[in-house]
S.K.: 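Before we start, here is the structure in question, set down as structure tokens.
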Amino acid sequence: MRFSKLFGKTLRETPAEAESVSHQLLLRSGMIAQEAAGIYCYLPMGWRVLKKIENIIREEMDKAGGQELMLPVLQPLELWQQSGRYMSFGKSLFTLTDRKERRLALGPTHEEVVADLARRYVKSYRDLPLLPYQIQTKLRDEPRPRGGLLRVREFIMKDLYSLDADEAGLDESYQKMCQAYKNIYARLSLPALMVEADSGAIGGKDSHEFMVLTEDGEDEVTYCSNCGYAANAEKAQFIKTRTNAEFMLPLEEIATPATKTIEEVAGFLGVPSSQTLKAVFYYADGEFVFVVIRGDLEVNETKLRNKLKCSDLRLATEEEVGEAGLVAGFASPIDVKRIKVVADDSITLGSNFVVGANKPGYHFRNANFPRDFQVDLMADIALARSGDSCPKCGNKLSCTRSIEVGHVFKLGTFISEKFGASFLDKDGKSQPIVMGSYGIGLGRLLAAIVEQSHDDKGIIWPFCIAPYQVYLCPLNLEKSAVLPTAEKIYQELQSEGIEVLFDDRDDSPGIKFNDADLMGIPLRLTLSPRTLQSQSVEAKWRREKEVQLLPLDNLAVRVKKLLDETASSQS
RNA sequence: CGGGGCGUAGCGCAGUGGGUAGCGCGCAGCGUUCGGGACGCUGAGGUCGGAGGUUCAAAUCCUCUCGCCCCGACCA
């Protein structure tokens, strides 16, 4: 490709809208262009990269026994009503009505379509297992697209669905996919960590996410560097400390003026915050909920949502707390009536707690569960934080931001039962198909790679997905034989099967070098009157500082050899 | 959906006591340059996000609206 003919220009200045590194570099290097919020065009350079990523994923899916197919973007809305996910997907589902007033959804994912296909084609245990997959555009009306390609409304996704006869089969498929995913990240030189994930209110048993640890991510991972335990912060467990088990003392009301926060109360009374109970109020699907947790801990809203089995969860406003007959800042689980009380099990790991008296300026001392109050639901709903103890080995946990570049889960029979997707087992008995689903967002993966592999000059593509392998960079085109020699090299490299971006622009060296660095092409070949004097070109790897001279003689073959060595060393 | 910010040339920005829009980069032409974003001259390019209003006169003041970004909520 000749640079002068390339669709899309590099930008010298960063567009103001771009915040994350990947967004800035992808825009500046002319890989992508924004069309609307969360909607992007892939320009030729970016598209080349994306297609290479796609091929790597396709190869690994095929190797694992996957079968590629193509599924519709337009899906009958009835499928979504039938699975029950019309409600749970809510506003994220794009819907439309056709000319015959038939309601359709733009597929945000394709479990329904696959289940529908499965119920029509899978009749016997002999038909299973099956691993159909697709690589195509999906649409979700995200509440807030962000970070360039990191979170968008229209995206290309590889989704594989496993159909098995039983749990054991599902386990096997799941293992295969996890291995395939690890292969994919390894080939992309992307350090992705497999972490335990929340499967949501309608998920199955197991779910894992593949995370790239980086500050620009929007997820949070909690991990233990000692034993390797890692989980999405939404899911992370930890060992709760037990505070002194004292003899239960009688409940006692005490004046605590102007002490609304846990810190103020604890400070005023001279007790640690772990000796207090914190009250937090939520609305869960429209129902007011009183949450009690030990004062030194925070509520994990995902855990709470799962325990409550609700889809909509939000903090109650101060007015709503008042309307519920509670005094914000001094609320108490003691003597609450007609309100659902949910407690974290940390309230059993201590005694003689300080808790609100439900009147302004007063608390109780020596509150003990269950002597002084009851709860409707007791569970682990606490947020693991940096410094807490690892649930596996007891060492300190750490927290870090991350990008989710893959998500696998065991769906089970939830959807197949609703769809009547069943088969006859060896005993002639009807059984629901056991499903799993395994997704990778290609654009997000591409962005994560940029986040992970760049310097202050620009992108540094892993060799196997670089848009071009060689950046052919002649300087001072007018002088001596530079241009004709460059043209000749360009032809020779191409006939060796090398992907070349030929910078045929009559621009100054600085511009060319900077664009080469910005676009992250692995090998730069510079020729100038200077190198021609010694009948050579200068070769420089994007990720290295040193340069080497290559003789013009038999250049294409030499370059091919260099590239092959790099390709094999990186795989 | 709550909070904050921003919409003026392709990109980055200036321009409020109201008076028919500027700068840098980029782009086109000519010339000089040429190893890390060179220089001179000439030139093209703008419904000032949109609608309504106030005014003799609006990028600027008022009202409404649309879009984009960030934080949070949300998110298989």
Side-chain angles (χ1 to χ4, degrees), chain A residues 8-20 23-24 27-28 30 33-39 83 85 88-93 108-112 138 140-148 150-153 155 157 159 161 197-204 206-209 216 218-219 232 234-235 282-283 301-302 305-306 311-315 317 404 406-412 414-415 435-439 441 456-458 473-480 482 505-518 524 526-531 537-538 540 545 547:
Chain A
K9 288 199 184 327
T10 55
L11 301 175
R12 188 156 169 179
E13 288 177 277
T14 304
E17 73 211 25
E19 185 97 349
S20 70
H23 194 195
Q24 293 181 354
L27 285 174
R28 281 225 294 139
Q34 184 173 27
E35 201 52 51
I39 301 176
S83 70
R85 299 205 305 178
S88 56
F89 247 89
K91 287 182 174 167
S92 296
L93 191 68
T109 175
H110 289 70
E111 281 86 0
E112 276 75 4
K138 310 218 172 188
R140 293 180 192 174
D141 197 357
E142 293 288 344
R144 183 153 93 84
R146 73 183 98 180
L150 289 178
R151 183 167 213 85
V152 292
R153 296 192 292 170
F155 54 98
M157 185 167 172
D159 227 356
Y161 308 97
D198 177 59
S199 51
I202 324 170
D206 269 336
S207 176
H208 289 87
E209 288 166 324
D216 272 319
E218 51 177 353
D219 278 295
N232 191 309
E234 296 175 339
K235 162 103 179 179
Y282 287 91
Y283 261 92
E301 294 188 1
T302 301
R305 179 179 293 110
N306 289 342
S311 61
D312 186 41
L313 183 75
R314 64 170 175 84
L315 280 169
T317 64
E404 176 193 339
H407 198 162
V408 297
F409 37 132
K410 298 183 179 176
L411 291 170
F414 168 75
I415 295 173
M435 293 181 69
S437 119
Y438 316 82
D456 56 338
K457 289 288 191 184
C473 187
L475 302 180
N476 207 341
L477 297 184
E478 306 298 317
K479 285 280 167 55
S480 61
V482 173
R505 300 172 300 171
D506 187 14
D507 274 314
S508 68
I511 290 175
K512 295 187 167 198
F513 290 156
N514 279 300
D515 277 345
D517 289 345
L518 180 59
R524 188 182 77 200
T526 307
L527 69 158
S528 65
R530 200 207 277 176
T531 65
V537 302
E538 175 195 278
K540 181 188 171 298
K545 276 193 115 156
V547 300

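Basis for what follows: all heavy atoms, side chains included, without hydrogens, waters or symmetry-related copies. The sequence lines fix the lettering, A, B, ..., with proteins before strands; numbering per chain opens at 1. Given the structure is predicted, the values throughout are model-derived calculations rather than measurements.
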S.K.: Only pairs with both distances under 3.5 Å count, Watson-Crick or wobble alike; so what is the partner of G18(B) in this structure?
M.R.: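 G18(B) is unpaired by these criteria.
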
S.K.: Rounding to the closest angstrom, what is the interatomic distance between G5(B) and C41(B) at atom C1'?
M.R.: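 42 Å, rounded to whole Å.
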
S.K.: Between His23(A) and Glu301(A), just flag the one whose closest nucleotide in RNA chain B comes earlier from the 5' side.
M.R.: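 Result of the comparison: His23(A).
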
S.K.: Can you tell me if Arg144(A) touches the phosphate of C69(B), counting only side-chain N or O atoms and a distance under 4.0 Å to OP1 or OP2?
M.R.: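 Arg144(A) to C69(B) OP1/OP2: no side-chain N or O under 4.0 Å.
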
S.K.: So which nucleotide does G52(B) pair with, by the Watson-Crick or G-U wobble rule with both distances under 3.5 Å?
M.R.: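 Its partner is C62(B).
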
S.K.: Would you measure the distance from the C1' atom in A57(B) across to the matching atom in G17(B) and give it in whole Å?
M.R.: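 Looking at atom C1' only, A57(B) and G17(B) are 15 Å apart.
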
S.K.: Here's a test of your reading of the structure: between Pro15(A) and Arg146(A), which maps to the more 5' nucleotide of RNA chain B?
M.R.: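 First, find each residue's nearest nucleotide; the 5'-ward one identifies Pro15(A).
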
S.K.: Would you call Glu111(A)-Arg85(A) a salt bridge at under 4.0 Å N-O?
M.R.: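 Yes, charged N to carboxylate O under 4.0 Å.
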
S.K.: Of all heavy-atom pairs between Glu19(A) and Gln24(A), which one has the smallest distance, and what is that distance?
M.R.: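 Shortest heavy-atom contact: O-NE2, 3.4 Å.
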
S.K.: Walk along nucleotides 33-39 of chain B from 5' to 3' and tag each nucleotide B, S or - by protein heavy-atom contact under 4.0 Å, base first, then sugar-phosphate.
M.R.: -BBBBS-

S.K.: Using atom C1' of each nucleotide, how far apart are U60(B) and C68(B) to the nearest Å?
M.R.: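 Going atom to atom, C1' in each nucleotide, I get 22 Å.
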
S.K.: With rounding to whole Å, what would you report as the distance between G45(B) and G35(B) at their P atoms?
M.R.: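 The answer is 36 Å between these two P atoms.
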
S.K.: Could you tell me how far apart Glu142(A) (CD) and A73(B) (P) are, to the nearest whole angstrom?
M.R.: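 Answer to the nearest Å: 14 Å.
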
S.K.: Roughly how many Å is it from CG in Leu411(A) to P in A76(B), rounded to a whole number?
M.R.: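 After rounding, the reported distance stands at 12 Å.
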
S.K.: Is there a Watson-Crick or G-U wobble partner for A57(B) with both distances under 3.5 Å, and which nucleotide is it?
M.R.: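 Base partner found: none.
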
S.K.: With both distances kept under 3.5 Å, what pairs with G2(B), Watson-Crick or G-U wobble?
M.R.: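 G2(B) is paired with C71(B).
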
S.K.: Is A9(B) paired to anything, Watson-Crick or G-U wobble with both distances less than 3.5 Å, and if yes, which nucleotide?
M.R.: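 Pair assignment: A9(B) / none.
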
S.K.: Using a 6.0 Å distance limit plus a 45 degree cone around the ring axis, check whether Arg524(A) lies over the aromatic ring of Phe513(A).
M.R.: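 Cation-pi check for Arg524(A) and Phe513(A): passes.
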
S.K.: What is the base-pairing partner of G40(B), counting Watson-Crick and G-U wobble geometry with both distances under 3.5 Å?
M.R.: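 Pair assignment: G40(B) / C30(B).
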
S.K.: Does a side-chain N-to-carboxylate-O contact under 4.0 Å join Asp141(A) and Arg153(A)?
M.R.: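 Salt bridge: yes.
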
S.K.: Base, sugar-phosphate alone, or nothing: which one does Ala18(A) contact when heavy atoms must sit under 4.0 Å apart?
M.R.: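 The answer is nothing, as Ala18(A) stays clear of every strand by at least 4.0 Å.
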
S.K.: Distance between the P atoms of C39(B) and G46(B), in whole angstroms?
M.R.: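 Here C39(B) and G46(B) have their P atoms 27 Å from each other.
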
S.K.: Nearest to the Glu19(A) side chain among C70(B), C74(B), A76(B), which nucleotide is it?
M.R.: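 My answer, after comparing the listed nucleotides, is C70(B).
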
S.K.: Base, sugar-phosphate alone, or nothing: which one does Ile39(A) contact when heavy atoms must sit under 4.0 Å apart?
M.R.: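 If one applies the 4.0 Å heavy-atom cut-off, Ile39(A) turns out to touch nothing in the nucleic acid.
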
S.K.: Take atom OH of Tyr283(A) and atom C1' of A73(B), then tell me their distance rounded to the nearest Å.
M.R.: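 Those two atoms, OH and C1', are 18 Å apart.
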
S.K.: If you take all heavy atoms of Pro145(A) and Gly38(A), which pair is closest and at what distance?
M.R.: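 Closest heavy-atom pair between Pro145(A) and Gly38(A): CB-CA, 3.5 Å.
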
S.K.: Rounded to the nearest 0.5 Å, how far does OG of Ser437(A) lie from NE2 of His407(A)?
M.R.: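 Between atom NE2 of His407(A) and atom OG of Ser437(A) there are 8.0 Å.
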
S.K.: Between G19(B) and C61(B), how far is it from one C1' atom to the other, in whole Å?
M.R.: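 Result for the C1' pair: 15 Å, nearest Å.
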
S.K.: Base, sugar-phosphate, or nothing: which does Gly441(A) touch, judged by heavy atoms less than 4.0 Å apart?
M.R.: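 Touches nothing.
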
S.K.: Measure CG/Asn306(A) against P/A76(B) and give the value in whole Å, please.
M.R.: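 In whole Å, A76(B) P lies 10 Å from Asn306(A) CG.
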
S.K.: Without decimals, in angstroms, what is the distance between Leu93(A) CG and C74(B) P?
M.R.: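 Nearest whole value for this atom pair: 20 Å.
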
S.K.: Any base atoms under 4.0 Å from Ala197(A), or only sugar-phosphate, or nothing? Heavy atoms, all strands.
M.R.: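 Since no nucleic acid heavy atom lies under 4.0 Å of Ala197(A), the category is nothing.
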
S.K.: Does the side chain to side chain donor-acceptor pair (under 3.5 Å) test come out yes or no for Ser83(A) and Glu112(A), once each step is laid out?
M.R.: CA-CA 7 Å; Ser83(A) 70; Glu112(A) 276 75 4; 2.5 Å; yes

S.K.: G35(B) pairs with which nucleotide, Watson-Crick or G-U wobble, both distances below 3.5 Å?
M.R.: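 Here G35(B) is not engaged in any pair, so there is no nucleotide opposite it.
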
S.K.: In whole angstrom, what separates Glu218(A)'s CD from C71(B)'s P?
M.R.: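 Rounding to the nearest Å, CD of Glu218(A) and P of C71(B) are 9 Å apart.
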
S.K.: Using a strict cut-off of less than 4.0 Å between a Lys/Arg side-chain nitrogen and an Asp/Glu carboxylate oxygen, indicate whether Asp507(A) and Lys512(A) qualify as a salt bridge.
M.R.: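 Answer for the salt bridge query: no.
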
S.K.: How long is the line joining CD of Glu234(A) and C1' of A76(B), in whole Å?
M.R.: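 Distance, rounded to whole Å: 10 Å.
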
S.K.: At 4.0 Å (heavy atoms only), tell me whether Thr109(A) reaches a base, stays on the sugar-phosphate, or touches nothing.
M.R.: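 The answer is nothing, as Thr109(A) stays clear of every strand by at least 4.0 Å.
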
S.K.: In Å, rounded to the nearest 0.5 Å, how long is the span from CG of Asp198(A) to CD of Glu209(A)?
M.R.: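 Reported value, rounded in 0.5 Å steps: 8.0 Å.
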
S.K.: Taking the same atom, P, in A76(B) and in U8(B), what whole-Å distance lies between them?
M.R.: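 Roughly 36 Å separates the two P atoms.
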
S.K.: Is there a Watson-Crick or G-U wobble partner for G46(B) with both distances under 3.5 Å, and which nucleotide is it?
M.R.: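 WC or wobble partner does not exist here.
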
S.K.: Using the P atoms only, state how far A21(B) lies from A9(B), rounded to an integer number of Å.
M.R.: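 It works out to 14 Å between them.
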
S.K.: Between Glu404(A) and Asn232(A), is there a side-chain heavy-atom distance shorter than 4.5 Å?
M.R.: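 In short, these two side chains do not touch, never coming nearer than 4.5 Å.
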
S.K.: Tell me: CD of Glu209(A) to P of A76(B), nearest whole Å?
M.R.: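 Glu209(A) atom CD is separated from A76(B) atom P by 11 Å.
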
